[in-house]
Every structure is written in structure tokens, then in C-alpha cells.
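Notes follow once the structure below has been shown.
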There are 2 protein chains.
Amino acid sequence: MKGDKNLMYSIGEVSKLTGISTYTLRYYEKMGLLPNPYRMDGKQNGIRQYNDQDLRFIQFIYGLKQTGMKLKDIALFVEDGCLLTQNNQEIDGIQDVLHKRIELLNKHVNLLEQQLEQLENVMTLANEKRSFYSVMLNEQTSKPVKTF
Amino acid sequence: MKGDKNLMYSIGEVSKLTGISTYTLRYYEKMGLLPNPYRMDGKQNGIRQYNDQDLRFIQFIYGLKQTGMKLKDIALFVEDGCLLTQNNQEIDGIQDVLHKRIELLNKHVNLLEQQLEQLENVMTLANEKRSFYSVMLNEQTSKPVKTF
DNA sequence: CCTTGACTTAGAGCTTACTCTAACAAATAT
DNA sequence: ATATTTGTTAGAGTAAGCTCTAAGTCAAGG
């Protein structure tokens, strides 16, 4: 009844599913990259419980990080929290928040495009170099090339 | 007469042309990422002189670095130096060197392919998120969505 | 019962990759 | 003449992003 599909994950499970260590997950939480998760109530030591939506969000955030977004920018992205509060009240200044988030995503998408371009360049160069070496390997008549 | 096209660059010029600081260029040289460049002889303080081939090599190496190859792996790639010595003598065990370099390039190209894939994933997710926010911005009737 | 995994705060330590300073020398450009 | 750029060695400092330990508590599962 609490999570969708009744699937709730502990921090250890999230760690296994995402490949992010529990240290790092708590660190990200403390740094404001991840929202404070729901906690088990009562005596149960306040254990973090993540649902599927949380998991997808963590993976999204991790993707941003892996592709070069700075932790500080991710924290900016996340800082205003959920777009609607518990009671389905809009947060204050939602327009500004949306603008800010769109801007951060724009900035990152630009970075991604540059990275794609560079990746393709480097790929080409690396392949050329590789071919060159392969040719050298197979050639009997080694011509005098002074090169790397 | 010394360099091709008579173009020789000082470390400062290389820095400007590549966007790598002189500190970093010397650091890379010390770490074995860059071969020891030709030096001006005689009284002239042994100033480093790079030619076009050197410049291209530096850019190639920098591309590897920028796309995630570890400095240590780059150093491995570079460590056996030029493929033919000054006197056009083959270096010892050139086959092994070629194999090693091809292997390092293979490894890196694999990494590049993974990166390309992830970049595209993240691009898609970021674009979706951006669209979602844009829709929220333009919608008058804000539906109760509790989400990031 | 005992291991495992969860929690906390605080803080130390680590890796990678620079980045810069010191302190001195020598050559070039204005 | 002076500022800039280059050179050297050696070493300190910085930043990001973890990674782990300590030292204590709590609760579930075999």
C-alpha cells in the first residue's frame, strides 16, 4: 500500500541495483543530490525505504553525474525538492524552479553534445592509430617512419 | 631546416594552441605522457621546441585523456617511445610494443563506445525531463503530480 | 546467540590530476 | 633597462569525489 507495486528497497538493495556504494548514497544524500527518502516509522531505526520512483530518480541523477555534471550543479537541480508537496500543494515559486531546472538541463545537454562530438573525434583518431599499428605489424618491409 | 614547414613551437605556443597550461605540459612530460621534445641546442637554455607532428601527438594524447583514459594508461601507451630510433633502427621488441598499444587502444575504444551509449541514454532522459518541465510551465491546469 | 545490515556524527585518508610557488638562471622582446 | 618567457628541481596546496573507520545503537533472520 505504501510504494507502487509494494516494492520498497533498502539502501543496500539500492546499492546493488545501481552500483553505487551505500557510503556514496548517504554522501549524495548529505550533499543534497538525493532527496531525503521515506523512513520506516516506529521503532525500526528509521531505515531508508526507496520506491521505484526513487530508484529511477537516483539512476537519472547518477547518469547526470557520470556524464560530467558537477555534484554542486546536481545539488542545485535537486534543492527545491519535490514539485508538489505532500498535500499536493505547489511549492513556492514553482515557475522559477522549473526555469532553473530547465536551464541546468540545457547546460548539461550542451555539454553532452560537445562530449558526443569529441568522443567521435577521438574514436576516429584512435581507430586510425590502431589501423596504422596493425599495418606495421603485418608489414614485412618496414619503411623508415619515425613516429609514434 | 629542422622542423617540417619550418614551424617550431615553444611550450607557451603549444599551450595556447592546445589549451593545456605550461604547468600541465611539463607535468605530462614528467609523468611520461609526452615524449621528451627536441631542445634548442647551444646557449639557448635548452628550450623545448615542438613541431607539427609533436603538436598533433599532444592533441591525440589530450583527446585520450579528455575521454577518460587514465594518465597511467597513457603513460603505458607512450613509454616505449618513438617506433623508430633516430637512426631509423627499429626499437627492440617492436611487435610487443605494437600489440600493447593496440590493446590499450582497443580498451579505450570500448570505453568510448560505452560512453557514447550512456551519453545517448542520458541525453534522452534529460530531454524527457526538460519537456516535462516545459509542459508544466505552460499548463494552466496543474494536475496533482508528486514528482521531481 | 550471533551475524548481518541498518542507523548516527564526525572526521581522517585517499586518488587523480593538476596548479602554483620558490628560487635561481638565461635569453628575447619592447 | 625591464618585462616576459623560458629553463631547472622540489615540494606544497587545491579540488572533487569518494571511501572508510570509529564508536555507538537497534532490529531482523538463521
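A, B, ... follow the sequence lines: proteins, then strands. Residue 1 opens every chain. Quick caveat: nothing in here was measured; it's all calculated off a predicted structure.
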Indicate whether any N or O donor in one side chain lies under 3.5 Å from an N or O acceptor in the other, for [X] and [Y].
X: A:Thr67; Y: A:Gln115; answer: no
X: B:Asn121; Y: B:Gln118; answer: no
X: B:Thr24; Y: B:Ser21; answer: yes
X: B:Tyr9; Y: B:Asp54; answer: no

Please report the distance, rounded to the nearest Å, between [atom1] in [X] and [atom2] in [N].
X: B:Tyr9; N: D:dT6; atom1: OH; atom2: P; answer: 15 Å
X: A:Ile11; N: C:dC7; atom1: CD1; atom2: C1'; answer: 10 Å
X: A:Tyr50; N: C:dG5; atom1: OH; atom2: C1'; answer: 14 Å
X: A:Glu29; N: D:dG17; atom1: CD; atom2: P; answer: 18 Å
X: A:Met40; N: D:dC26; atom1: CE; atom2: P; answer: 17 Å
X: A:Gln49; N: D:dA28; atom1: CD; atom2: P; answer: 12 Å
X: A:Met31; N: C:dT9; atom1: CE; atom2: P; answer: 12 Å
X: B:Tyr23; N: D:dG11; atom1: OH; atom2: P; answer: 18 Å

Measuring to OP1 and OP2 of [N], would you say a side-chain N or O of [X] lies under 4.0 angstrom away?
X: A:Arg48; N: C:dC7; result: yes
X: A:Arg26; N: C:dT9; result: no
X: A:Arg39; N: C:dT8; result: yes

*Does B:Leu34 share a hydrophobic cluster with B:Leu17, counting links as ILVMFWY side-chain heavy atoms below 4.5 Å and allowing steps through other members?*
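Yes, because B:Leu34 and B:Leu17 connect within a single hydrophobic cluster, where side-chain heavy atoms sit under 4.5 Å apart.
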Dump every N/O contact between nucleotides 16-18 of chain C and the protein below 3.5 Å, one line per pair.
| unit_1 | atom_1 | unit_2 | atom_2 | d |
| --- | --- | --- | --- | --- |
| C:dC18 | OP1 | B:Tyr28 | OH | 3.1 |
| C:dC18 | OP2 | B:Tyr28 | OH | 2.4 |

*In chain order, what residues pass the side chain to side chain contact (heavy atoms under 4.5 Å, CB included) check against B:Asp80, with sequence neighbours excluded?*
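Listed in chain order: B:Ile91, B:Val97, B:Lys100, B:Arg101.
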*Given that B:Glu13 and B:Lys30 both sit by DNA chain D, which one's nearest nucleotide is further toward the 5' end?*
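Per heavy-atom nearest nucleotide, the more 5' residue is B:Glu13.
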*Minimal non-hydrogen separation, B:Glu13 against B:Met8, with atom names*: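 B:Glu13 and B:Met8 have their closest heavy atoms at OE1-O, 3.7 Å.
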